[in-house]
Amino acid sequence: MAALLALPGLAAAATHIVTIEGMQFQPAVRTVKSGDTVVWRNKDLVPHTATAAGKFDSKSMAPGGQWSWTAKAKGRQDYACTFHPTMKGSIVVRD
Ligand SMILES: [Cu+2]
C-alpha cells in the first residue's frame, strides 16, 4: 500500500504549461505556487522568447522547442517575447 504524503504546506511542486501558439502566450496569465515549474512550449513556426527583464530569460526557443523555469519569489512577473514585443504574458507566484 502506497503511503500518501499530504502534509500541510508540503504539497508537491507542480508543473504548469504555457503554450506559445499563434503569436500568443496561452494562457496569458498563469498563477503558480512558489517552487512550481513553468514550461513554455513553442508550437509556432518561428522562434520566440519568454523574457522578464532581470527575472528570467528563455533566450530563443526554436519552433517545437521548450524552456522551463522554477518560480521562487512571490509576486507578478510580467514578461514578453523579445522578438515580438506585442506578445505579453504574466506569471503570478503565490506561496
Ligand atoms: Cu515571439
Side-chain angles (χ1 to χ4, degrees):
M1 190 172 89
L4 184 63
L5 292 175
L7 303 175
L10 288 177
T15 297
H16 306 268
I17 306 297
V18 176
T19 300
I20 307 172
E21 195 164 25
M23 306 290 285
Q24 292 182 323
F25 296 107
Q26 300 172 354
V29 179
R30 204 66 163 114
T31 300
V32 307
K33 291 181 177 178
S34 182
D36 286 356
T37 296
V38 182
V39 178
W40 283 264
R41 286 187 179 152
N42 182 7
K43 293 192 169 182
D44 272 344
L45 298 176
V46 296
H48 294 294
T49 79
T51 306
K55 303 290 185 182
F56 59 77
D57 184 5
S58 68
K59 308 286 177 58
S60 181
M61 280 180 275
Q66 66 178 44
W67 181 75
S68 64
W69 170 79
T70 300
K72 293 193 178 76
K74 278 187 291 178
R76 182 187 178 106
Q77 315 284 356
D78 294 323
Y79 66 92
C81 172
T82 55
F83 303 144
H84 313 102
T86 58
M87 290 175 62
K88 294 177 188 295
S90 300
I91 302 294
V92 179
V93 183
R94 298 195 170 135
D95 56 5

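In each ligand, atom 1 is the first atom listed, and ligand 1 is the first ligand listed.
A salt bridge (charged side-chain N to carboxylate O under 4.0 Å, His left out) check over residues 50-69, counting only residues at least two apart or in different chains, returns nothing. Listed by first and then second residue, the salt bridge (charged side-chain N to carboxylate O under 4.0 Å, His left out) pairs that reach into residues 85-95 are Lys74-Asp95, sequence neighbours excluded.
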Working note: Tyr79 + Trp40, criterion side-chain hydrogen bond (donor to acceptor under 3.5 Å, both in side chains); need CA distance, chi angles, decisive distance, verdict. CA-CA 12 Å; Tyr79 66 92; Trp40 283 264; 3.0 Å; yes
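The Cu ion (ligand 1) has His48 ND1, Cys81 SG, His84 ND1 as its protein N, O or S neighbours under 2.8 Å.
For Val46, the side chain to side chain contact (heavy atoms under 4.5 Å, CB included) partners two or more places apart in sequence, or in a different chain, are Met23, Asp44, His48, His84.
Contact detail for Ser90 and Asp78: the closest heavy-atom pair is OG-OD1, 2.6 Å.
Just one of Val38, Val39, Val32 meets the side-chain contact (heavy atoms from CB on, under 4.5 Å) condition when paired with Thr15; it is Val39.
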